[in-house]
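To keep things clear, I will list the structure first and then write my remarks on it.
Just the heavy atoms: all of them, side chains too, but no hydrogens, waters or symmetry mates, feed the values below. Counting begins at 1 with the first residue of the sequence. Computed from a predicted model, the values in this text were never measured in an experiment.
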Amino acid sequence: MKDDQKAGGGIGSPAFADGVHGNDVYFMLLTEAQLLLYLNDPLSEWPTPYVVSTFRKPFPRDGSALNITIPVVKEELYSALLMQVSGNEIHLDGSWQFKNPESELSLQALYKPFFCGLFAWSLLFITLVLSVGLTMIAGRYRVHGGHRMIVSVLFFRAFSFWLQGMYLNYVATSGISSWPLGQLVEVMMHFQGILQLVLMMILALGLFSMRGSLNFVEIRFILCIATLSFYLSLFEVFADSSTRDGYLLCRMILHSLAYLCILVAINFNIQVLRSKIAESPISRTVGSLYQVAQAFSWYRGLFIIFLVSPTLNVMFVDGVMNWKDQWLIDLIHMSCDCGLYFVLL
């Protein structure tokens, strides 16, 4: 038994072939409500073709291929279900093609290429403005390497948005998922996430704000986290579906360890700054210590928001948003992701 979630609003064209004889295997198309009704049925453990469905068709008796085209009028979430009734072992080889009238993309991703291009060119323009602005005010105000690192990460973020938008436009026009371009987009998104993680670790350790350099142990720790994360990302992108979840779990555990170290480093630096402020006499240096301590407190609050944002996003999506509003969810996620860097500046 197998089901595959698809969005409605187009035409589904499944094609399966394996030499299946008799009326033992059925292809069904279920809406979200019909799928929930079937899963909540206490008799759902027993295979039966008598399931409330939008479309049902048995495989041919002579074992020939099943080629059908299903026009879908209502915008709805559909599940493609293969029901095997007799319990005998079968091997199916097939494909599923979904088409929207306006685009080859699903209904949820219909507006995503536009937003990716918009954010890419907007971030590129803002990066250029910030680069020129930081160069002009470098003599009057304190501009350190942390600002330049944030601008560099913004540039890579803009490039990843542009690459993702170009790939989605290619899929929308051709209907073909390009293997090298799709993998390149995933690798670039992971690489930008690694740069973001390295930036957070460097800022949490107090580089550019409390000291001018890191010690050997800190540099080696950051390089180990970045290198392991990069290799796990490559394995996750190029691995098959059976082992991809394992690499994803290892990468998430590694990032969780890095997030824990960031929180510990921020709290440690805040305590060190407060001790220096309490022990220092009244002077001009105390004012700068107050500013650095306040900046670390803001950074800690921002980082905690960054950590809980995925949970809030899931709660918001499940409780408020409709499945058709995925473009709005992507827009909010892109805006929050880019807003993080501007707050750090």
Side-chain angles (χ1 to χ4, degrees), residues 119-163 187-230 233 251 254-255 257-270 272-273 288 291-307 309 334-345:
F119 273 85
W121 293 110
S122 300
L123 286 180
L124 182 60
F125 175 75
I126 293 172
T127 302
L128 294 176
V129 172
L130 288 175
S131 301
V132 175
L134 292 176
T135 305
M136 294 178 63
I137 66 174
R140 300 180 181 179
Y141 300 95
R142 185 184 178 188
V143 178
H144 50 72
H147 296 102
R148 298 184 180 91
M149 289 186 63
I150 294 174
V151 173
S152 301
V153 175
L154 270 176
F155 173 77
F156 277 101
R157 187 58 172 161
F159 179 73
S160 62
F161 275 140
W162 174 80
L163 198 63
V187 170
M188 191 61 196
M189 295 297 290
H190 286 302
F191 181 70
Q192 190 274 331
I194 295 172
L195 290 180
Q196 176 180 321
L197 181 62
V198 171
L199 174 64
M200 288 182 175
M201 287 191 290
I202 290 176
L203 295 179
L205 291 172
L207 185 63
F208 308 119
S209 59
M210 296 179 60
R211 48 184 169 156
S213 62
L214 301 176
N215 58 46
F216 178 74
V217 176
E218 293 169 341
I219 294 175
R220 185 168 60 180
F221 176 76
I222 293 175
L223 289 178
C224 288
I225 292 292
T227 304
L228 287 175
S229 180
F230 181 71
S233 300
R251 187 170 61 86
L254 182 66
H255 285 200
L257 175 63
Y259 294 153
L260 179 60
C261 294
I262 290 173
L263 278 177
V264 172
I266 293 175
N267 290 324
F268 176 78
N269 287 328
I270 290 177
V272 170
L273 289 170
S288 61
Q291 292 179 355
V292 176
Q294 186 179 11
F296 268 99
S297 298
W298 278 98
Y299 182 39
R300 179 173 59 182
L302 181 66
F303 185 72
I304 292 175
I305 295 175
F306 169 78
L307 290 180
S309 59
M334 293 177 185
S335 303
C336 294
D337 194 13
C338 298
L340 171 67
Y341 303 108
F342 294 111
V343 176
L344 289 176
L345 282 171

Check: Between atom CD1 of Ile219 and atom SG of Cys224, what is the distance when rounded to the nearest 0.5 Å?
Finding: 12.0 Å

Checklist line | Enclosure of Tyr299 OH (heavy-atom neighbours >12, cutoff 6.0 Å) | finding: yes

Item checked: Steps toward side chain to side chain contact (heavy atoms under 4.5 Å, CB included) verdict (Val292, Phe296) -> CA-CA 6 Å; Val292 176; Phe296 268 99; 3.8 Å; yes

Checklist line | Spacing of OG belonging to Ser160 relative to CE belonging to Met188, to within rounding of 0.5 Å | finding: 5.5 Å

Note to self: Any non-hydrogen side-chain atom of Val272 less than 4.5 Å from a side-chain atom of Phe268?
What the structure shows: yes

Return all side-chain donor-acceptor pairs below 3.5 angstrom for residues 192-208, not counting sequence neighbours, or 'none' if the list is empty.
residue : atom : partner : partner atom : Å
Gln192  : OE1  : Arg157  : NH1          : 3.3
Gln192  : NE2  : Tyr341  : OH           : 2.7
Gln196  : OE1  : Tyr341  : OH           : 2.8

Check: Would you say the side chain of Leu263 lies within less than 4.5 Å of the side chain of Tyr259, judging by non-hydrogen atoms?
Finding: no

Check: Nearest heavy-atom pair of Asn215 and Glu218: which atoms, and what distance?
Finding: OD1-N, 2.8 Å

Check: In Å, rounded to the nearest 0.5 Å, how long is the span from OG of Ser309 to CD1 of Ile304?
Finding: 12.0 Å

Check: In Å and rounded to the nearest 0.5 Å, what is the CZ to CD1 distance from Phe303 to Ile262?
Finding: 4.0 Å

Check: What residues form a side chain to side chain donor-acceptor pair (under 3.5 Å) with Ser229, not counting sequence neighbours?
Finding: His255

